[in-house]
Amino acid sequence: AVLTGAIWFITTIYSKEYFQQDRNRNRYYLFMLLTEGATMGIFLSADFFTTFIFFEIMSFTSFVMVMHDETKEAMRAAHTYLAVAVLGGLVTLMGLFMLYQKTGTLQMDLLQQFMAQQTDKSAFYGIGALVFFGFAAKAGLFPLHIWLPNAYTLAPAPASALLSGILTKAGVFGIVVVSCVMFGTDGNWGLLVAVLGFITMFLGALLALFSVNLKRTLACSSVSQIGFILTGIGMCCLLKSAGQGNGLAVRGTFLHMVNHSMFKLVLFLCAGVVFMNLHQLDLNDIRGFGR
């Protein structure tokens, strides 16, 4: 919540100059604040249903930030973003219904106690996968990352900074809760998350290498960094299932979440400065701008 507040504060100051001549800036500010409220709701929630409600509000309010420029490409990117968010939300909701039927609660602390008493967690794998799906879609996990490169590229720079720095972390928050609260001592679940994280890490970096648009490169890099974080989450479960201390994995995962949020904030705002000056983001056209 502190990180969210700090990043929103910096981005709001930056937005003043970025949207100086923009006719839709008041609409942007309104939906930016609504998105912040929804994001805070996610991070301060104590049960899955509250998380889900705020998660869906965040998807709809941030949609307006993605389509802000109202170009044909921006509208298409925003529709893809919304489609993935709605589909992910529906799958997660189905998983939450099944989870409530099995456990009788959606409170995170009570779920942790319930799951700790289960000797065989395999009966919950299907439910866990459904809940995981929606959060993974928002985090930009491969192959659900399809919305991410275009949305980041075509959204205004301050919106891209928020999407990358904070909104993907809302998805990661859900993944952390599913993995560490429900399957914290399950090695099979930890291995699945680690493998998905490794694939996302590798393919995100590969996509970034083949991009010639500055913001698209940063977007694909974000996919790769989410993969790093997921690998850490997977290791938290794997180490705990092996009866070893997972403190190092927990600290590393948390540190990289903060690290990625802060660095991507700065990088996307720098990309915005380049765009404000040159109205170009193609790396071949802006070559030499640093001088």
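Without hydrogens or angle criteria, Ser211 side chain to Ala208 main chain gives no donor-acceptor distance under 3.5 Å. Between the Asp47 side chain and the Thr50 main chain, a donor and an acceptor come within less than 3.5 Å of each other. Not one N or O on the side chain of Ser224 forms a donor-acceptor pair closer than 3.5 Å with the backbone of Cys220. Between the Arg27 side chain and the His68 main chain, a donor and an acceptor come within less than 3.5 Å of each other. Panel note: side chain Ser261, backbone Gly165; a donor-acceptor pair is recorded below 3.5 Å. A side-chain donor-acceptor contact under 3.5 Å links Thr61 to the backbone of Met58. A distance-only check finds a donor-acceptor pair linking the side chain of Ser62 to the backbone of Ser59 [under 3.5 Å]. Of the possible polar contacts, one joining the Asn277 side chain to the Val273 backbone as a donor-acceptor pair under 3.5 Å is found.
For the pair Leu191/Leu238, a side-chain contact is recorded, criterion being any heavy-atom separation below 4.5 Å from C-beta on. Taking the side chain as every heavy atom from C-beta outward, Leu93 and Phe52 approach each other to under 4.5 Å. Between Leu99 and Met182, the closest side-chain pair of non-hydrogen atoms falls below 4.5 Å. Residues Thr168 and Lys138 are not in side-chain contact: their nearest non-hydrogen atoms beyond the backbone lie 4.5 Å or more apart. A heavy-atom distance below 4.5 Å is not found between the side chains of Ile57 and Leu34. Contact check for Leu96 versus Val131: side-chain heavy atoms found under the 4.5 Å cut-off. A 4.5 Å side-chain heavy-atom check between Gln225 and Lys264 finds at least one atom pair inside the cut-off. Inter-residue side-chain proximity for Met201 and Thr231 is flagged as met; some heavy-atom pair is nearer than 4.5 Å.
Note: Ile7 CD1 to Leu265 CG = 5.0 Å, rounded to the nearest 0.5 Å. Between the CD1 atom in Ile42 and the CD1 atom in Ile53 there is a gap of 11.0 Å [rounded to 0.5 Å]. Remark: Met262 CE to Ile10 CD1 distance equals 5.0 Å, nearest 0.5 Å. Taking CG of Leu267 as the start and OG of Ser160 as the end, the distance is 12.0 Å to the nearest 0.5 Å. With rounding to the nearest 0.5 angstrom, the CG atom of Leu82 is 11.0 Å from the CG atom of Leu87. Residue Met32 holds its CE atom at 3.0 Å from OG1 of Thr12, rounded to the nearest 0.5 Å.
More than 12 heavy atoms of other residues, nucleotides or ligands lie within 6.0 Å of CD in Gln280, so this atom counts as buried by the packing criterion. Within 6.0 Å of the CZ atom in Phe263, the count of heavy atoms belonging to other residues, nucleotides or ligands does not exceed 12. Crowding of Tyr29 atom OH: a count of heavy atoms from other residues, nucleotides or ligands under 6.0 Å exceeding 12. For Tyr100, the OH atom is loosely surrounded, since the number of other residues' heavy atoms within 6.0 Å does not exceed 12. Within a 6.0 Å radius of CZ in Phe19, more than 12 heavy atoms belonging to other residues, nucleotides or ligands are found.
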Check step by step if side-chain contact (heavy atoms from CB on, under 4.5 Å) holds for Leu230 and Thr200.
CA-CA 9 Å; Leu230 253 82; Thr200 304; 5.7 Å; no
Run the numbers on Thr51 and Leu106 for side-chain contact (heavy atoms from CB on, under 4.5 Å), then give the verdict.
CA-CA 10 Å; Thr51 308; Leu106 289 177; over 6 Å; no
When you look at Lys169 and Thr39, which way does the side chain to side chain donor-acceptor pair (under 3.5 Å) test go after all the steps?
CA-CA 10 Å; Lys169 301 305 178 300; Thr39 309; over 6 Å; no
The test is side-chain contact (heavy atoms from CB on, under 4.5 Å); show your working for Phe114 and Phe124 and say whether it passes.
CA-CA 12 Å; Phe114 180 88; Phe124 291 88; 3.5 Å; yes
Would Phe135 and Phe173 count as a side-chain contact (heavy atoms from CB on, under 4.5 Å) here? Give the steps.
CA-CA 8 Å; Phe135 294 124; Phe173 173 80; over 6 Å; no
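Taking both residues in full, the closest heavy atoms of Gly272 and Ala157 are given as CA-CB, 3.4 Å, listed atom of the first, atom of the second, then distance. Residues Met108 and Phe48 share a closest heavy-atom pair of CE-N, 4.2 Å. Between Cys180 and Ile233, the shortest heavy-atom distance links the atoms SG-CG2, 4.4 Å. When every heavy atom of Trp8 is checked against every heavy atom of Ile166, the shortest pair comes out as CZ3-CG2, 3.7 Å. Nearest heavy atom pair, residue Gly89 against residue Glu56, reads CA-OE2, 3.5 Å. Across every non-hydrogen atom of Leu44 and Ala1, the tightest pair is CD2-CB, 4.1 Å.
Aromatic ring pairs are classed by plane angle as parallel below 30°, tilted from 30° to 60° and perpendicular above 60°; the pair His279 and Phe275 is perpendicular.
Seen from the ring of Phe268, Lys215 does not count as a face-on cation partner, given the 6.0 Å and 45° thresholds.
Separation of the His260 and Phe228 ring centroids does not fall under the 6.0 Å cut-off.
Met75 and Leu154 fall into different hydrophobic clusters, defined by Ile, Leu, Val, Met, Phe, Trp and Tyr side-chain heavy atoms under 4.5 Å apart, directly or through other members. No continuous path of hydrophobic side-chain contacts links Ile199 to Trp189 [ILVMFWY only; heavy atoms under 4.5 Å]. Neither Val177 nor Met40 shares a network with the other; the hydrophobic side chains, linked directly or stepwise wherever heavy atoms of I, L, V, M, F, W or Y lie under 4.5 Å apart, form separate groups for each. Follow the hydrophobic side-chain contacts under 4.5 Å out from Tyr81 and you reach Leu90 in the same cluster. The cluster map of Ile, Leu, Val, Met, Phe, Trp and Tyr, joined by side-chain heavy atoms under 4.5 Å apart, puts Val258 and Leu167 in the same cluster.
Checked against Phe132 for a side-chain contact (heavy atoms from CB on, under 4.5 Å), the options Thr92, Val193, Leu192 give a single hit: Val193.
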